[in-house]
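So that the names make sense, note that chain A is the first sequence line, chain B the second, and so on, each numbered from 1.
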Amino acid sequence: MEQTFYEQVFEVVKLIPKGRVTSYGAIAKSLGAGGSSRMVGHAMRYAGSVHPPLPAHRVVNSVGLLTGKFHFNPPTLMAALLENEGIIIKNDKVQNFTTHFWNPLTEI
DNA sequence: GGATTGACGTGTC
DNA sequence: AGACACGCCAATC
């Protein structure tokens, strides 16, 4: 099986350290997708379909907004998990986003 | 099989 | 600094 774009996305997401978050665009860039950041979002939609549920709660948009929180089982689960990892969520938004940001381009 | 939407990002006004 | 517009490509209708 060739590593599809989605599998690579899953791999990167799984590599996100605990207490850290990243953005769709950063993942897309690290995979060479560049502007195809939306593909990362589509890949995340498969997060609930894959066997090991991906820590999709660690993936937010470029401003640290929990855009996909409504796709979680209880929509509040995303913020709850992030807060459980020491990340502050306010107004469905990651506080100190740049501090908790995990750059796959650099850390991978 | 064409048209629309979408867990987004970046550039421009 | 906030709001609007465009692009990217896949999945769904």
Side-chain angles (χ1 to χ4, degrees):
Chain A
M1 275 300 279
E2 307 91 28
Q3 289 273 308
T4 64
F5 180 77
Y6 303 97
E7 297 218 14
Q8 294 179 59
V9 173
F10 297 152
E11 211 171 313
V12 174
V13 173
K14 280 191 254 181
L15 284 173
I16 302 176
K18 175 177 175 270
R20 287 283 188 84
V21 291
T22 190
S23 62
Y24 300 91
I27 296 175
K29 266 186 194 174
S30 68
L31 297 181
S36 308
S37 44
R38 280 189 153 164
M39 302 298 87
V40 181
H42 272 256
M44 296 270 83
R45 212 168 75 70
Y46 279 69
S49 302
V50 296
H51 275 223
L54 298 172
H57 59 274
R58 292 176 186 158
V59 184
V60 295
N61 72 350
S62 59
V63 297
L65 191 67
L66 309 186
T67 51
K69 79 168 208 162
F70 293 102
H71 289 254
F72 280 77
N73 201 308
T76 52
L77 181 66
M78 187 170 187
L81 288 169
L82 288 172
E83 286 185 320
N84 191 35
E85 297 187 353
I87 299 176
I88 312 300
I89 306 297
K90 186 141 193 173
N91 242 332
D92 301 333
K93 186 174 45 186
V94 177
Q95 300 302 298
N96 306 318
F97 176 61
T98 50
T99 306
H100 292 297
F101 184 75
W102 178 75
N103 193 340
L105 285 166
T106 312
E107 305 287 328
I108 212 154

Heavy-atom closest contact (A:Val12 atom, A:Pro104 atom, distance): CG1-CB, 3.9 Å
Within this structure, what is the CG-NE2 distance for the pair A:Leu82 and A:His100, rounded to the nearest 0.5 Å? 9.5 Å
For a side chain to side chain contact (heavy atoms under 4.5 Å, CB included) check, start with the C-alpha distance between A:Val21 and A:Trp102, then their side-chain angles and the critical distance, and finish with the verdict. CA-CA 6 Å; A:Val21 291; A:Trp102 178 75; over 6 Å; no
C1' atoms of C:dA3 and B:dA7, separation to the nearest Å: 22 Å
Find which nucleotide of DNA chain C each of A:Ser37 and A:Tyr6 is nearest to by heavy atoms, and output the residue with the more 5' nucleotide. A:Ser37
Positions of residues 42-75 of chain A (non-hydrogen atom under 4.0 Å from DNA chain C), listed by number: A:His42, A:Arg45, A:Tyr46
Can you give each donor-acceptor pair under 3.5 Å made by side-chain atoms of residues 61-75 of chain A, sequence neighbours left out, with the distance rounded to 0.1 Å?
| unit_1 | atom_1 | unit_2 | atom_2 | d |
| --- | --- | --- | --- | --- |
| A:Asn61 | OD1 | A:Val63 | N | 3.3 |
| A:Asn61 | OD1 | A:Gly64 | N | 3.1 |
| A:Asn61 | OD1 | A:Leu65 | N | 2.6 |
| A:Lys69 | NZ | A:Asp92 | OD1 | 3.0 |
| A:Lys69 | NZ | A:Asp92 | OD2 | 3.4 |

Is there a side chain to side chain contact (heavy atoms under 4.5 Å, CB included) between A:Met78 and A:Ile89? Walk through the geometry before answering. CA-CA 10 Å; A:Met78 187 170 187; A:Ile89 306 297; over 6 Å; no
Can you confirm whether more than 12 heavy atoms, excluding those of A:Ile88, are under 6.0 Å from its CD1 atom? no
Kindly state which residues belonging to residues 83-101 of chain A come within less than 4.0 angstrom of DNA chain B, counting heavy atoms of the residue only, listed by number. none
Separation of B:dA7 atom C1' from A:Met39 atom CE, nearest Å, is 11 Å
With distance as the sole test, does A:Asn103 use its side chain to make a donor-acceptor pair with the main-chain N or O of A:Leu105 at under 3.5 Å? yes
Report the distance from atom CG of A:Asn103 to atom P of B:dG9, rounded to the nearest whole Å. 13 Å
Under 3.5 Å, is there a donor-acceptor pair between the side chain of A:Arg58 and the main chain of A:Ile16? yes
On a heavy-atom basis, the closest approach of A:Val60 and A:Tyr24 is O-CD1, 3.1 Å
Count I, L, V, M, F, W, Y as connected when their side-chain heavy atoms are under 4.5 Å apart, and connections chain through other members. Are A:Phe101 and A:Ile27 then in the same cluster? no
Taking atom NZ of A:Lys18 and atom CG of A:Asn84, what is their separation to the nearest 0.5 Å? 7.0 Å
Using a 4.0 Å cut-off on heavy atoms, which residues in residues 18-31 of chain A reach DNA chain B? List them by number, or say none. A:Ser23, A:Tyr24, A:Gly25, A:Lys29
Apply side chain to side chain contact (heavy atoms under 4.5 Å, CB included) to the pair A:Phe97 and A:Ile87, showing each step before the final yes or no. CA-CA 9 Å; A:Phe97 176 61; A:Ile87 299 176; over 6 Å; no
The first and last nucleotides of DNA chain C lying within contact of chain A, meaning any atom under 4.0 Å from one of its heavy atoms, run from C:dG7 to C:dT12
Once ring pair (Phe, Tyr, Trp, His ring centres under 6.0 Å) is applied, what residue pairs with a partner in residues 29-60 of chain A remain, sequence neighbours excluded? A:Tyr6-A:Tyr46
